[in-house]
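The structure appears below as C-alpha cells.
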Amino acid sequence: MSSDSPASLDLEMSEFVCRLYQQERLSAKDVLAELTAGVVRFLPPAEHASVTVSARGEVATESATGAIPAALNEIQAQCGAGPCLSAATHEDVVRIDDVEHDQRWPDYSRAVTDRTPVRSVLSIALGGDSKRRYALNVYAEKPNAFDVGMTESALRYASYVSIAWTLARRDEQFHEALKSRDIIGQAKGMIMERFEVDATQAFHLLKRLSQSSNTPLARIAAEVVEAERRESRPKAD
C-alpha cells in the first residue's frame, strides 16, 4: 500500500510510471493495462478501474482491471450517457459519491445499482485527438469513497497515465513506421531486380497494387517479399 503522504505518494506514482515506460518489451496496450492496474495500487479505496474511449458519442473499453469496470462501460454505452462519457467529451472531472442517489444520468445510475456493486465513481479526462477522447475511471463499492484529497491524487495519477501512454503509443507508431519503411525498401529492391526498373518505378508499382486492392502499402510490400522468398527457397526433391 502507498504512503499516506501526498509527496511520497506522488513520488511512488511517478517512479512506477517511469519504470513502466522504460520496459521496452511492453506494447502500448500492455503499458495501458499496467497503468490501469496501478489505480487500485495507488488510490485506495479504489477497487476497480478502466480507461474508456469515446468516439462519436459511443463508448468502448480500452483497458479494465476486470469484469466489473468493463460491465460499467457497457452500461454507459447502452445508455449513451454517464460520467466516463461526460469526462472524456468535456475534458473534465466527474465524481459520483453514491450512484444509487445520483440523478444526473438516471438510466445509467439505475443500471449500475441493479447490476453491479459499484457505488462511487471518479472519471477523469485523459485527452485524445480529433476523433477519440479518453477517460480514466476509478470505482469503489462503498458510497462517498473519494474525498477531495483522493480526487487530487487521482488527478495527479491521471496526468502520469496520459503522458506515459501517449509516449508509449508514439514509440510504437515510430517503430511500426520503421518496420514498414524497411519492408517497403526490400520489396522495391526485389521489384527493381526482377523487372529491371528504377526505384521510382518500383515504388509506383507497389503504390498501384496498394490502391487497386485497397490494401495498406506496407502489407503489399510484405506480401511481395514473402512471395519472393518462397520462390527462392530450394525445392524438395
Side-chain angles (χ1 to χ4, degrees), residues 1-10 12-13 16-17 32-54 57-128 133-162 165:
M1 184 177 292
S2 303
S3 169
D4 291 334
S5 163
S8 297
L9 176 60
D10 197 56
E12 287 182 42
M13 291 191 296
F16 165 72
V17 172
L32 184 61
E34 293 289 345
L35 290 167
T36 306
V39 170
V40 179
R41 172 181 173 184
F42 291 110
L43 301 173
E47 296 168 87
H48 315 282
S50 71
V51 171
T52 55
V53 55
S54 169
E58 297 184 356
V59 182
T61 302
E62 198 76 14
S63 178
T65 56
I68 289 176
L72 288 163
N73 287 338
E74 289 177 10
I75 290 170
Q76 191 161 229
Q78 292 165 2
C79 295
C84 315
L85 182 58
S86 180
T89 303
H90 302 294
E91 297 188 7
D92 203 356
V93 179
V94 177
R95 190 175 75 188
I96 299 178
D97 292 325
D98 190 344
V99 173
E100 189 171 3
H101 301 294
D102 190 271
Q103 296 302 313
R104 283 172 287 183
W105 306 281
D107 292 341
Y108 170 84
S109 295
R110 278 194 299 271
V112 172
T113 302
D114 292 343
R115 293 159 53 183
T116 81
V118 167
R119 294 297 176 265
S120 294
V121 180
L122 183 60
S123 293
I124 302 169
L126 291 177
R133 311 301 299 176
Y134 301 94
L136 175 69
N137 312 298
V138 187
Y139 304 107
E141 296 183 8
K142 68 177 184 178
N144 303 300
F146 307 124
D147 59 15
V148 173
M150 185 53 59
T151 301
E152 290 176 352
S153 295
L155 279 166
R156 289 197 297 274
Y157 187 72
S159 68
Y160 291 130
V161 170
S162 180
W165 188 35

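Because the structure is a prediction, the values reported are computed rather than measured. No hydrogens, no waters, no symmetry mates; every other heavy atom, side chains included, goes into these values.
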Looking at T52 and V59, would you say the former's side chain and the latter's main chain have a donor-acceptor pair under 3.5 Å?
no
Could you check whether any side-chain N or O of T65 sits under 3.5 Å from a backbone N or O of A49, counting only pairs where one atom can act as donor and the other as acceptor?
yes
Has S162 got a side-chain atom pairing as donor or acceptor with L126's backbone, closer than 3.5 angstrom?
yes
With distance as the sole test, does S86 use its side chain to make a donor-acceptor pair with the main-chain N or O of G82 at under 3.5 Å?
no
Are the side chain of E12 and the backbone of F42 linked by a donor-acceptor contact shorter than 3.5 Å?
no
Using a 3.5 Å distance criterion without hydrogens, assess whether the side chain of T36 forms a donor-acceptor pair with backbone atoms of A64.
no
Quick check for you: to the nearest 0.5 Å, what is the distance between R110 atom CZ and I75 atom CD1?
12.0 Å
Side-chain donor or acceptor of R95 paired with backbone N/O of F146 under 3.5 Å:
yes
How long is the span from the CD1 atom in I124 to the OG1 atom in T151, to the nearest 0.5 Å?
7.5 Å
Under the 6.0 Å and 45° cation-pi test, does R41 pair with F16?
yes
Are Y139 and T116 packed together at the side-chain level, in the sense that at least one heavy-atom pair is separated by less than 4.5 angstrom?
no
Could you check R156 against S159 for side chain to side chain donor-acceptor pair (under 3.5 Å), going step by step and ending with a plain yes or no?
CA-CA 5 Å; R156 289 197 297 274; S159 68; over 6 Å; no
Under 3.5 Å: donor-acceptor pair, side chain of E141, backbone of E47
no
More than 12 non-hydrogen atoms from neighbouring residues, nucleotides or ligands closer than 6.0 Å to CD on E100, yes or no?
yes
Between the side chain of R119 and the main-chain N/O of T113, is any donor-acceptor distance below 3.5 Å?
yes
